[in-house]
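Not measured: the values here are computed from a predicted model.
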Amino acid sequence: MEELPQDTQAGHSRIDLVSVFQKSGKLVTALLESASQAIIGIDRGGRIVLINRRAEEMFGYTREELLGARIEILLPESKRATHSHDRDDYFARPHTRPMGIGMDLAGRRKDGSEVPVEVSLSYGEIDEGVFAIAFVSDISQRKHLEEQLLHAQKMEAVGRLAGGVAHDFNNMLTVISGYNRMILDELSTMDPLRGYAEEILKAADRAGALTNQLLAFSRRQIMQPRVINVNSVLMQTQKMLQRLIGEDIELHLNLGTNVGNIRADPGHVEQAIVNLALNARDAMPLGGRLAIETDAVTLDEHYAKTHMGVKPGDFTMIAVTDTGHGMDAETRRHIFEPFFTTKEKGKGTGLGLATVYGMVKQTGGDIWVYSEPGQGTTFKLYFPRVFEPLSETTGANPSLTRRSGGETILVVEDEQAVRELTVRILEQLGYAILTACSGAEALEICGAHTGHIDLLLTDVVMPNMSGRQLADHLQVSRPQTKVLFLSGYTENTVVHHGVLDAGVDFLPKPFSRENLSRKLREVLTRR
């Protein structure tokens, strides 16, 4: 910048300063080149007469290529035909379009790719005529975040629907499986009807597996989280993975050192890896390479700003990479949606990746996919790292499957069919039963009953009074009564974001007689 003249009179200094600014092209150039937006000036004929450094970077042209060229060079093909008419209208009535209310448009780079932009307009008038000045902002990141937000909202809405459907369906499966088990108990091994009943039970089990996948997607599945090491989980599943993917696919494990521990359900982590491996196998029908690697990573503020719902911090990453046929952008946008599948009819439910998505999100982590047609696919799963020792594993106690000791159980269930089935199972096991169809009725029964109530067996979600609220009321007057919750899915009244609160006993529907018996003995015999 030119050195300002020294003048002790403030008025004269101000006049001299304005004069210097008006005459100095260096200041104007500095302002143009330091701007974070692309600044482009065009004349009435549409020729580019002014360009700054940011415009070169944004569109991939050099200054020499742009100066003198027509502005349509920076527009998508679909917009070029009508642009001259729009330009004539603007020059006929030049006006300023202030920053913040610019138009969302698209620009075209030299390589032919398009970039979403926001354009604000101004104009200048000199002796040579009127010139339009466009201030162009690259809004790619903003559009990317908007798409993520819309996708997250859609996934949340679909998840709520899926969770609700799974909850109601699990109630029906409980009844189907329960009564079918009773039929099997009455049929001899030689009865010709026994085969039919066994097929019904198998179908009910498969249906239960599907509802569990829906619950995983909706993040309402039951989790039994422990502090685990992902390397150990992957080592334990290596042989199974090799059998699943076949001999024509090479399996490579590249497990990092000091990847840290995570808090998750090891069974769910294992299932997620299996689902990804099966998808990879289907993407490599002629064979290929499947690589699974782990690493300790730190996701910074920049990653968090460009990935919805992610908090910066330390994570353990599992990356699953295949050399398959890959995916285009449209497929990538839908892969985590339930029932979306690219497989042939009858060869997939479309729930595998939805399950993985729900499980990872339920742990507070993130999942990301990188793929191009013909270039393979990489899924990256990020789990929040915890700095705690590994959890101890405990085995099931076979003695807990024995019949009752004559305890009294209060059964509270608003679904009549489920309530009647549960009562029949408990009577067969030798328990004394009290029943209610609502929380209010249960409290009335408790007030009138003079004997002990050893356990409250209650559904979680009921009209007017939830199972959690009922348990709180009951334990004021009967603090010795133990509680076991049942539900087709886990609500926040019992489970916070799908993770069991400390001290809460829970049995998911559909449940078998054996599972119910075992869980009851576990709760009742606990001191």
Spacing of L251 atom CG and I292 atom CD1 [to the nearest 0.5 Å]: 5.5 Å

task: Look up atom OH in Y382 and atom CD1 in I318, then write down how far apart they are to the nearest 0.5 Å.
output: 11.5 Å

- prompt: Under 4.0 Å between a Lys/Arg side-chain N and an Asp/Glu carboxylate O for K482 and E407?
  reply: no

message: Quick one, R333 with E330, criterion salt bridge (Lys or Arg N to Asp or Glu O under 4.0 Å). Give me CA distance, side-chain angles, the key distance, then yes/no.
response: CA-CA 5 Å; R333 276 193 287 269; E330 183 62 21; 2.5 Å; yes

field: Closest heavy-atom pair and its distance - V269, I262
entry: CG2-CD1, 4.5 Å

- prompt: For the side chain of N229 and the backbone of N231, is there at least one donor-acceptor N/O pair under 3.5 Å apart?
  reply: yes

message: So which atom in N52 and which in A38 form the shortest heavy-atom distance, rounded to 0.1 Å?
response: OD1-CA, 3.6 Å

message: Can you confirm whether L520 sits close enough to Y431 that some side-chain heavy atom of one is under 4.5 Å from a side-chain heavy atom of the other?
response: yes

- request: State which residues pass ring pair (Phe, Tyr, Trp, His ring centres under 6.0 Å) with F383; sequence neighbours excluded, sorted by chain then number.
  value: none

message: Is the positively charged end of K110 above the ring of F59, judged by distance under 6.0 angstrom from the centroid and angle within 45° of the axis?
response: no

message: Would you compute the distance between atom CG of D322 and atom CG of N279 and round it to the nearest 0.5 angstrom?
response: 9.0 Å

message: Main chain of D366, side chain of K380: is a donor-acceptor contact present, judged purely on distance under 3.5 Å?
response: no

message: On a heavy-atom basis, which atom in N261 and which in E388 lie closest, and how many Å separate them?
response: ND2-O, 3.0 Å

query: Is a side-chain donor-acceptor pair under 3.5 Å present for S137 with Q37?
result: yes

task: Please determine, by modelled atom types, if R109 and S113 share a side-chain donor-acceptor pair under 3.5 angstrom.
output: yes

message: Which heavy atom of T377 sits nearest to which heavy atom of S371, and what is that distance?
response: OG1-OG, 2.8 Å

- prompt: For D300, does the CG atom have more than 12 heavy-atom neighbours from other residues, nucleotides or ligands under 6.0 Å away?
  reply: yes

message: Let me confirm one number: the CZ-CG distance from R281 to L276, rounded to the nearest 0.5 Å.
response: 13.0 Å

query: Heavy-atom distance under 4.5 Å between the side chains of V412 and D459, does that happen here?
result: no

field: Gap separating the CE atom of M317 from the OG1 atom of T298, nearest 0.5 angstrom
entry: 12.0 Å

- request: Please determine which of L290, I249, L278, V274 meets the side-chain contact (heavy atoms from CB on, under 4.5 Å) test together with L241.
  value: V274

message: Rounded at 0.5 Å granularity, tell me how far NZ in K519 sits from CG in L455.
response: 11.0 Å

Show every donor-acceptor pair shorter than 3.5 Å between a side-chain atom in residues 469-479 and any protein atom, with sequence neighbours excluded, or say none if there are none.
residue : atom : partner : partner atom : Å
Q469    : OE1  : S466    : N            : 2.9
Q469    : OE1  : S466    : OG           : 3.4
D472    : OD1  : R468    : NE           : 3.4
D472    : OD1  : R468    : NH2          : 3.2
Q475    : NE2  : T481    : O            : 3.0
S477    : OG   : L474    : O            : 3.3
R478    : NH1  : G451    : O            : 3.0
R478    : NH2  : C446    : O            : 3.1
R478    : NH2  : H449    : O            : 2.7

- request: For residues Q480 and D454, determine if any side-chain heavy atom of one lies less than 4.5 Å from a side-chain heavy atom of the other.
  value: no

